[in-house]
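See structure below.
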Amino acid sequence: MIKYHDSKKIFHLFNREVSYLIRIMENGQLENLYYGKAIHDREDFSHFHQEEMRSQMSVCIPEPGILSMQYTKQEYPVYGTGDYRSPALSVRQENGSSIVNFTYVSHEIMKGKRSLAPLPAVYTENEDEAETLEIRLHDEVMDTDLFLSYTIYAEYPVIARNTRIVHHGTEKITLERVMSASVEFSDMDFEMVHLSGAWSRERYVKNRKLEMGIQAVQGLNGTCSGAEHNPFLALKRPDATESQGEVYGFSLVYSGNFLAQTEVSTFDMTRVMLGIHPEGFSWTLNQGEEFQSPEAVLVYSRDGLTGMSQTYHRLYRTRLMRGVWRDRPRPILLNNWEATYFDFNEEKILKIASKAKEVGAELFVLDDGWFGARNDDYRGLGDWYVNLDKLPDGISGLSKKIEAMGLKFGLWVELEMVNKDSDLYRAHPDWLIGAPGRFESHARHQHVLDFSRKEVVDYIYEMISKVIEGASISYIKWDMNRYMSEPYSRGADASSQGMVMHRYILGVYDLYTRLTQRFPEILFESCASGGARFDPAMLYFAPQTWTSDDTDASERLKIQYGTSYVYPLVSMGSHVSAVPNHQLHRVTPLATRANVAYFGTFGYELDLNLLTVEEIEQVKQQIAFMKEYRELIQIDGDFYRILSPFEGNETAWIVVSQDKKQAVAGFYQRLNKVNGSWLNLKLTGLDSEVLYEVEYADKKYQAYGDELMYAGIPFSRELLNQMGGDFSSLIFVLKAAA
């Protein structure tokens with residue numbers, strides 16, 4: 001999959017779907033010749049290089065050459081070589097200079113893929129799955145090596161990239177910008193797609209036409225990738241659709257401050273960069289030290305946005321998620337948060353859990369309020385010992401009582417945070433992130449613990465490990481409810497403050513690593529005020545993420561639709577909650593709440609004891625349905641988006657099994673229409689030659705896949721009226737006829 005043509009100094013990474021070409025230029029730097037649809041390998045692609053003399057052009061090789069970095073598609077651009085666009089790397093030296101010149105020294109082609117631990121990254125299970133190219137470049141003045149790593153998978157149009165810097169020089173250097181990847185295109189005929197929003201409306205799909213200048217999304221909050229922007233962008237051709245056309249995806253496997261940027265030059269060249277945000281970042285390297293960047297995962301699709309998404313889904317589900325839960329369908333759970341908030345005792349919890357068992361749930365999760373003096377959000381965070389006034393037999397006793405009912409037991413934690421009204425803060429006030437002499441802003445009345453310090457991570461690890469070891473815990477919901485506001489560590493000197501936010505994230509990864517290794521059977525779910533930490537890196541440790549605190553079924557259509565651009569359904573925490581909804585006060589049908597939540601992990605977040613007899617029977621049917629089809633939805637199936645909630649009143653999607661013999665589709669309307677026209681749902685992803693049994697509502701008939709995809713399934717608005725009118729929905733089940 002990786003060839004080096006020595007006569008022309010060209011590397012070709014390729015499989016059946018994608019090609020990536022790199023050339024060693026006359027000045028020893030690297031040129032990005034081509035990235036796109038797979039092309040035949042041959043010796044010479046040097047004609048892809050274009051150059052001519054231009055006004056104000058800085059020539060970087062001796063005459064009569066005319067090579068200029070300003071007009072060259074560079075593989076990893078640096079500052080100070082006559083290129084006036086944004087660099088991928090910026091290094092401050094002791095003499096104050098930022099001028100560097102990394103030139104080719106050697107390369108290595110190897111089977112498989114190296115680990116980036118402690119950083120999360122995609123992996124291989126056998127060395128034949130992928131090949132890796134590592135190119136070593138060197139700056140003689142600094143005596144520093146730059147390693148650019150590329151892994152191409154045999155079965156995926158994927159190139160995973162990372163950057164490593166190893167310093168050998170006697171004078172220290174300071175890294176001020178280290179991007180994980182940079183890619184250049186010779187034109188600007190793209191639309192930029194990104195996922196942006198805020199709390200309770202995370203990952204809305206945004207499209208914009210590329211124009212000259214810089215367009216970017218970023219996260220600067222220190223503790224997570226953020227609800228505002230996801231560490232992802234895609235470039236799609238203007239004619240690309242869900243099912244056809246060229247799309248390039250760029251996803252960063254990182255949970256901290258990030259930058260995802262496109263820059264279009266006045267010569268229509270497009271540069272894409274992805275990596276740790278340089279704002280607030282500076283990393284000093286002394287002799288013998290190195291820095292490893294996070295990983296960027298590049299996906300090429302000629303089958304539109306769906307092709308890109310399905311590649312990310314398959315790769316992240318099978319080669320990013322790890323552990324015993326990677327290939328298991330998720331347990332159907334009930335979480336008590338919206339049922340009780342902080343107001344509970346053991347009797348109330350057992351009553352709710354008993355009803356969960358009755359309807360067929362498999363896991364009960366105890367949320368916030370079980371520890372310290374935690375009766376509200378003003379106090380108690382950081383004191384990870386049981387509140388015996390609420391739970392006289394502790395977590396150990398409660399978990400055993402829950403298990404005696406036939407349910408598994410799960411627990412909520414928020415390990416990175418502290419209230420000032422806590423024993424932990426009173427003992428260690430210097431463990432807060434905050435600047436001396438400055439007001440320490442709070443959010444939700446809490447502050448961020450300094451996880452850039454090992455002693456803080458060690459302390460939290462020991463405290464929570466005692467709770468887990470003394471109980472029967474099968475699931476942990478790891479929450480994180482605020483951003484950094486005054487990023488300063490009292491445990492670091494002045495010269496190291498630029499390292500604090502990255503070291504914080506490394507501390508989070510360290511705690512996750514220790515807990516998942518010590519308790520490998522526990523299913524971890526990541527959470528951050530809902531979906532503020534929904535990034536690939538979290539999936540490496542916690543194979544599912546609470547998608548949003550917004551549990552309203554109608555709003556969840558947009559949130560889950562956007563999330564599906566990158567993340568597999570099995571990673572999306574999705575629950576049925578009470579009405580009126582606690583975030584929007586909207587009333588939606590119980591059926592629709594389940595019909596949306598099916599396309600995720602599925603569970604309930606309400607007190608089932610408050611439902612009517614008829615509603616309880618409906619819940620039992622919902623759980624039975626999910627148990628029958630969760631293997632298809634979460635593990636085996638491919639997800640296709642059909643109708644976008646961002647474009648009209650209706651939303652639709654479908655999951656189709658790998659063998660095309662089974663499918664489950666969802667159709668949702670927002671508002672009802674008076675005397676409305678007929679509806680016709682055209683499915684996708686089916687086998688044209690297969691005769692399917694189609695079942696929805698109380699209807700059942702047979703049709704071939706081509707009919708279902710090209711003629712569709714006609715139905716009336718009256719059927720949706722019967723389902724509740726506004727916010728009603730339908731589930732279609734397809735099975736190959738015997």
Side-chain angles (χ1 to χ4, degrees), residues 200-201 204 338 359 547-548 550-562 574-600 602-608 610-626 629 633 641-655 664-683 694-701 708 712-734:
S200 278
R201 50 179 175 85
Y204 278 23
E338 290 192 9
V359 298
T547 314
S548 177
D550 189 345
T551 56
D552 175 75
S554 182
E555 290 302 310
R556 268 302 186 102
L557 290 171
K558 290 182 177 179
I559 296 167
Q560 292 175 208
Y561 187 97
S574 52
H575 295 173
V576 176
S577 62
V579 292
N581 175 263
H582 289 202
Q583 291 78 46
L584 288 171
H585 310 289
R586 178 182 286 148
V587 175
T588 56
L590 179 57
T592 293
R593 283 174 267 158
N595 290 347
V596 175
Y598 288 146
F599 295 88
F602 196 73
Y604 292 83
E605 191 138 347
L606 73 170
D607 187 348
L608 294 167
L610 302 180
L611 301 187
T612 66
V613 173
E614 292 77 12
E615 288 173 328
I616 287 295
E617 287 304 311
Q618 197 173 349
V619 168
K620 290 179 180 178
Q621 293 170 14
Q622 292 169 355
I623 290 175
F625 177 89
M626 190 61 187
Y629 294 106
I633 293 170
R641 296 175 293 268
I642 301 174
L643 297 173
S644 169
F646 298 99
E647 297 176 3
N649 190 56
E650 288 83 33
T651 302
W653 51 44
I654 188 172
V655 176
V664 175
F667 176 89
Y668 314 86
Q669 79 167 2
R670 187 169 178 82
L671 298 180
N672 203 10
K673 294 185 178 180
V674 175
N675 196 22
S677 59
W678 283 82
L679 293 164
N680 191 36
L681 179 61
K682 295 180 180 180
L683 303 180
V694 182
E695 185 174 356
Y696 65 100
D698 58 352
K699 304 179 184 300
K700 184 182 291 187
Y701 72 103
L708 295 168
I713 303 174
F715 57 96
S716 70
R717 295 252 181 213
E718 180 56 33
L719 180 57
L720 293 173
N721 285 338
Q722 297 170 20
M723 299 294 171
D726 289 348
F727 312 113
S728 58
S729 60
L730 290 170
I731 292 292
F732 300 82
V733 175
L734 290 77

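Checked by atom type, the side-chain pair T551/Q583 shows a donor-acceptor distance below 3.5 Å. Judged by distance alone, the side chains of D552 and T588 never bring a donor and an acceptor atom under 3.5 Å apart.
Note that OH of Y668 and CD1 of I731 are 4.5 Å apart. Values are rounded to the nearest 0.5 Å. Taken to the nearest 0.5 Å, the OG atom of S554 stands 10.0 Å off from the CG atom of N581. From E650, atom CD reaches atom CG of L557 across 11.5 Å, with rounding to the nearest 0.5 Å. Residue I559 holds its CD1 atom at 6.5 Å from OG of S200, rounded to the nearest 0.5 Å. Put simply, CG on L584 and CG on D550 are 5.0 Å apart, with the number rounded to the nearest 0.5 Å. One finds the CD1 atom of I713 at 4.5 Å from the CG atom of L683 (value rounded to the nearest 0.5 Å).
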Show the numbers, then the answer: is there a side chain to side chain contact (heavy atoms under 4.5 Å, CB included) between L708 and V694?
-> CA-CA 9 Å; L708 295 168; V694 182; 3.9 Å; yes
Worked verdict on L720 versus L679 for side chain to side chain contact (heavy atoms under 4.5 Å, CB included) | CA-CA 10 Å; L720 293 173; L679 293 164; 3.5 Å; yes
Check step by step if side-chain hydrogen bond (donor to acceptor under 3.5 Å, both in side chains) holds for Q622 and R593.
-> CA-CA 10 Å; Q622 292 169 355; R593 283 174 267 158; over 6 Å; no
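Side-chain contact check for Q722 versus E718: some heavy-atom pair is nearer than 4.5 Å. The side-chain heavy atoms of V619 and L608, taken from C-beta on, include a pair separated by under 4.5 Å. The shortest distance between side-chain heavy atoms of V664 and L734 does not fall below 4.5 Å.
Considering only residues two or more places apart in sequence or on other chains, R670 meets the salt bridge (Lys or Arg N to Asp or Glu O under 4.0 Å) condition with E555.
In this pair, F602 and Y604 present their aromatic rings perpendicular. The plane angle is above 60°, beyond the 30 to 60° band.
Of all the heavy atoms in N672 and R717, the pair that sits closest is OD1-CD, 4.3 Å. Scanning all heavy atoms of the two residues, the minimum distance from P645 to T651 falls at CB-OG1, 3.0 Å. Minimum interatomic distance between A597 and S574 (heavy atoms only, all atoms of both residues): O-OG, 2.8 Å. What you find for E605 and E338 is that their closest heavy atoms are O-CB, 3.6 Å. For the pair L606 and V576, the tightest heavy-atom approach, listed with the atom from each and the gap, is CD2-O, 3.6 Å. The two atoms that bring G712 and N680 nearest to each other are C-OD1, 3.4 Å, heavy atoms only.
Annotation: Y598 is not in aromatic contact with Y629 [ring centroid separation under 6.0 Å not met].
Without hydrogens or angle criteria, S728 side chain to M723 main chain gives no donor-acceptor distance under 3.5 Å. Without hydrogens or angle criteria, R556 side chain to S548 main chain gives a donor-acceptor distance under 3.5 Å. Between the side chain of E615 and the backbone N or O of T612 there is at least one donor-acceptor pair closer than 3.5 Å. Side chain of N649 to backbone of L671: a donor-acceptor contact under 3.5 angstrom is found.
Among the candidates F599, F732, W653, F715, the single residue satisfying the ring-ring contact (aromatic ring centres under 6.0 Å, His included) test with F667 is F715.
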